[in-house]
Structure formats: structure tokens, C-alpha cells
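These numbers come from a predicted model, not from an experiment.
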Amino acid sequence: MSIQSVDVVYTAVATAENGRDGRVASDDGQLDVVVNPPKEMGGSGAGTNPEQLFAAGYSACFQGALGVVARKEKADISGSTVTAKVGIGKTPEGGFGLKVELSASIPNVDAATAKDLLEKAHQVCPYSNATRGNIEVTLSVA
């Protein structure tokens, strides 16, 4: 699902220096972090990495989408959390790919309602829409 350029209400800008073993910063100075490959990929693991940044963004965005859906459904999601696990590995073609597991804890609703809210949030979330058909994303209720 794409949007028209005239529909854009905000554009985030970040610049990376030295790729996975350097630094990334936003143009407004709100984000400025050292990035290093994780130890599992032969790096020092001293800084954050792109997968952690993606997991942070996806979980925050999905939590927001969950809120949008919950308001429409009149469901109480207070105290809820969303955890994103982003895995990286080699593809059969020789490149690298990602997979995501999204797990939500929604203490004030039953399991069936929680599952329904997750499915609906998955249709609303911009990260879900951007990744749909490109990477495996699984949803679960914690």
C-alpha cells in the first residue's frame, strides 16, 4: 500500500556514517547513536544495530496502531505492551533477509479479543503495510 507524495505529513531524515559499524543520526539531533554489528554477526556488539532500531520502531508503531484499533473497538488496552523480535539471516539467494515476531500483552481483554485486535492493528500499522509480502511477520498474544 503506497501513499501519494502530496499525502505525506511527516518525513523522518537520518544519515548513517560507515554503515553497520559507525554512527546514525537524525537531522533534528533527537537520535544520534553508535551502531555496531552484534557479536553473533562477528561484531563488537558495543553499540545498537539496525535490527534493534527496526524492532524499536516497529513495536512503537504497532502499539500506536493497536491504540487506534482499540479506540474504534472500545477495548481497554491500558497497560499493554508490544515486543518486536527482528531476526536477520541469509536468504537462499545469498543476500540477507529479515523476519519479525510481534508479541502483545493486553491484560484487560480476553485472548480472543486480543488476537482480533492484533490482526486489525496489523492491517493499520504502517510498518506492517510496508513489510507485507516482503518479510515474514508473525503475531502472538503474550
Side-chain angles (χ1 to χ4, degrees), residues 1-5 7-73 75-142:
M1 177 180 302
S2 64
I3 59 173
Q4 301 299 314
S5 61
D7 295 332
V8 173
V9 294
Y10 171 74
T11 300
V13 178
T15 302
E17 299 171 5
N18 210 31
R20 288 182 156 275
D21 205 2
R23 176 179 163 263
V24 65
S26 60
D27 65 337
D28 63 3
Q30 294 298 310
L31 177 73
D32 191 342
V33 295
V34 172
V35 290
N36 298 115
K39 289 181 181 180
E40 296 83 351
M41 294 178 69
S44 69
T48 189
N49 59 65
E51 292 70 40
Q52 287 176 329
L53 294 170
F54 189 76
Y58 204 158
S59 63
C61 189
F62 198 89
Q63 178 77 36
L66 187 60
V68 167
V69 169
R71 282 188 293 282
K72 286 182 183 173
E73 300 287 322
D76 179 7
I77 65 160
S78 59
S80 66
T81 60
V82 174
T83 300
K85 295 180 182 178
V86 176
I88 183 171
K90 291 195 175 189
T91 65
E93 299 78 26
F96 287 87
L98 300 174
K99 68 182 274 185
V100 175
E101 296 175 35
L102 295 171
S103 176
S105 171
I106 312 172
N108 296 323
V109 300
D110 61 62
T113 301
K115 179 93 170 118
D116 183 58
L117 292 170
L118 288 183
E119 292 292 339
K120 289 176 177 172
H122 193 45
Q123 299 306 309
V124 173
C125 176
Y127 275 66
S128 293
N129 288 331
T131 59
R132 187 169 289 109
N134 297 313
I135 67 173
E136 178 185 339
V137 176
T138 58
L139 306 174
S140 66
V141 176

Can you give me the closest heavy-atom contact between [X] and [Y], atom names plus distance?
{"X": "V35", "Y": "G19", "value": "CG2-O, 3.4 Å"}
{"X": "A65", "Y": "A121", "value": "CB-O, 3.8 Å"}
{"X": "V69", "Y": "K120", "value": "CG1-CB, 3.6 Å"}
{"X": "L66", "Y": "S80", "value": "CD2-OG, 4.3 Å"}
{"X": "G47", "Y": "N36", "value": "N-OD1, 2.9 Å"}
{"X": "T91", "Y": "G97", "value": "CG2-N, 3.5 Å"}

Listed partners of E136 passing side-chain hydrogen bond (donor to acceptor under 3.5 Å, both in side chains), at least two apart: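 Once residues adjacent in sequence are excluded, E136 has no partner under the side-chain hydrogen bond (donor to acceptor under 3.5 Å, both in side chains) criterion.
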Quick check against the 3.5 Å criterion: does [X] have a side-chain atom that pairs as donor or acceptor with the backbone of [Y]?
{"X": "R132", "Y": "H122", "value": "yes"}
{"X": "N108", "Y": "S78", "value": "yes"}
{"X": "Q52", "Y": "N49", "value": "yes"}

Does [X] reach the side chain of [Y], with side-chain heavy atoms less than 4.5 Å apart?
{"X": "I135", "Y": "K99", "value": "no"}
{"X": "F62", "Y": "L139", "value": "yes"}
{"X": "Y58", "Y": "T131", "value": "yes"}

What's the separation between atom [atom1] in [X] and atom [atom2] in [Y], rounded to the nearest 0.5 Å?
{"X": "L118", "Y": "L102", "atom1": "CG", "atom2": "CG", "value": "8.0 Å"}
{"X": "D27", "Y": "T11", "atom1": "CG", "atom2": "OG1", "value": "10.0 Å"}
{"X": "M41", "Y": "F96", "atom1": "CE", "atom2": "CZ", "value": "5.0 Å"}

Are I77 and Q63 close enough, and set up right, to give a side-chain contact (heavy atoms from CB on, under 4.5 Å), and what steps lead you there? CA-CA 10 Å; I77 65 160; Q63 178 77 36; 4.2 Å; yes
Distance-only donor-acceptor check, side chains Q30 and S26, under 3.5 Å: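 No, no side-chain donor-acceptor contact under 3.5 Å.
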